[in-house]
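Below is one structure; the comments refer to it alone.
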Amino acid sequence: MSQRSYLDYNATAPLRDEVRDAFAAALPLYGNPSSVHEEGRVARSAIEAARAKVAALVGARPEDVIFTSGGTEANALALAAQTGEAWQCYMSAVEHPSVLAGGRFYRETTTTLPVTRDGVADLEILAKELEKHHLGGWRPFVSLMTANNETGAIQPVAEASKIVHSANGLFHTDAVQAAGRIKLDMAALGPDMLTLSAHKIGGPKGIGALVLGNGASVQPLIKGGGQERRRRAGTENVAGIVGFGIAAELAAADLAKVGAIATLRDELEKSVAAVAPDAIVLSARVGRLPNTSCIAVPGAKAETLVIGLDLAGVAVSSGSACSSGKVEASHVLSAMGVPEELAQGAIRVSLGFATKRDDIERFLRAFDELIKRLRPRVAA
Ligand code: PLP
């Protein structure tokens, strides 16, 4: 491949070299981790070493980490309805589709919480909604992501957690995009469940975790063997888990470097404003992930920008979703009240551990050319 600049880390991050090496070294560990013999014990100890690393990334106890097939399964596991009590589920309107699907909650028992124009959940509305549960006799289950995948907006998770707990509820946060980009600490954030995915932090695809807090328990989604303390059956993905562990360790160490990523992102936004002064950076007024920029260009079509940038060697994604052949504005931007026409011109640029100034410069050269070509009068 000719030289390219990959600026789509929120879709997935490149596999880290150290992860690839550890993954390859773990593939020959063929023992079944549940076997008592030496082959099994070797695989088991590789898993437990990785579990400790993943736990350390979020300040959790290793025994509270449940490995799953990824963020989607971890969210589904969190949302597996609790038994023995009547539950009402609340989720923000900007959650990932794997949360919005609702797990085992019925549509009638699910309430979507609005977000502000900056894409932040409105906790006053949450508090008011939860007051109702005293009358209804049910318990609330609330899911609020730590940071949004499209805009990078950071949600008030610690405050939400307190509100939910004072209403005797359970609180889940999807931290897939926040991991490795902002510090995550189970004690400070207070969730009963937190979702992680390896491939967003330079780990392998197809492996993630649900991390439990406050002594919470889950109802297994996948039943069978007694793996993962009877919380997720199935012979473990040993190499994937080992790779996840190394990725988590590197992500924790790299938190010290996120300031440099934010500087590159801010430079990019400044240069974009010089080329397209009417472009709008969404969620710019609130706390955002240091690596994410969602830029809406009035009068442009996101697909045209994404394809034009791709041809110029730059990978970004669009803020709109293509379903059944029709390009629709994303549910995130719609929930924020971004006008449909503007949302159609939104692209997401997301940086990561391997991003260099050269990548930003390549993006800006291509963006400048595209804007001049697509909107000669505005750019002039
Ligand atoms: N949650 C968020 C916020 C995500 O961005 C993603 C992936 O795009 C997921 C969950 C799903 O994770 P996975 O791809 O590991 O299933």
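Just follow the structure's listing: the first ligand is 1, and inside any ligand the first atom is 1. Below, each value reflects all heavy atoms present in this structure, side chains not excepted, and no hydrogens, waters or symmetry copies.
Contact annotation: Lys205 has no heavy atom less than 4.0 Å from any atom of ligand 1.
Looking only at atom types and distance, the side chain of Ser45 has no donor-acceptor partner in the side chain of Glu48 under 3.5 Å away. Neither side chain, Arg104 nor Gln219, offers a donor N or O lying under 3.5 Å from an acceptor on the other. Checked by atom type, the side-chain pair Ser5/Asp359 shows a donor-acceptor distance below 3.5 Å. With no hydrogens or angles considered, a side-chain donor-acceptor pair links Asp192 and Asn214 at under 3.5 Å. Counted by atom type alone, Ser283 and Asn148 present zero donor-acceptor pairs between their side chains at under 3.5 Å.
Using a 4.0 Å cut-off to heavy atoms of His199, the atoms of ligand 1 that qualify are 13 (P), 14 (O), 15 (O). Listed by number with element, the atoms of ligand 1 under 4.0 Å from a non-hydrogen atom of Met145 are 3 (C). Less than 4.0 angstrom separates some heavy atom of Asn149 from each of these atoms of ligand 1: 3 (C), 5 (O). Below 4.0 Å from some heavy atom of Val176 lie the following atoms of ligand 1, by number and element: 1 (N), 2 (C), 4 (C), 6 (C), 10 (C). Under a 4.0 Å criterion applied to the non-hydrogen atoms of Gly70, ligand 1 contributes the atoms 15 (O).
Counting protein heavy atoms only, atom 5 (O) of ligand 1 is closest to Gln177 NE2, 2.8 Å. The protein heavy atom nearest to atom 13 (P) of ligand 1 is Gly71 N, 3.5 Å. Nearest protein heavy-atom neighbour of atom 4 (C) of ligand 1: His96 CD2, 3.3 Å. Among all non-hydrogen protein atoms, the one lying nearest atom 11 (C) of ligand 1 is Thr72 OG1, 3.5 Å. Nearest protein neighbour of atom 8 (O) of ligand 1, counting heavy atoms only, is Lys200 NZ, 2.6 Å.
Using bins of under 30°, 30° to 60° and over 60° for the plane-to-plane angle, the ring pair His172/Phe141 lands in the parallel bin.
Residue Val99 does not touch ligand 1, judged by heavy-atom distances below 4.0 Å.
Few gaps surround NZ on Lys205; more than 12 heavy atoms of other groups in view lie less than 6.0 Å from it.
Where the criterion is an N or O separation shorter than 3.5 Å, residue side chain and backbone included, Ser98 fails it with respect to ligand 1. For Asp174, a nitrogen or oxygen atom sits less than 3.5 Å from a nitrogen or oxygen atom of ligand 1, counting backbone and side chain alike.
Residues Val120 and Val115 are not in side-chain contact: their nearest non-hydrogen atoms beyond the backbone lie 4.5 Å or more apart.
Looking at Arg288 and Glu269, a side-chain N of the basic residue comes within less than 4.0 Å of a carboxylate O on the acidic one, giving a salt bridge.
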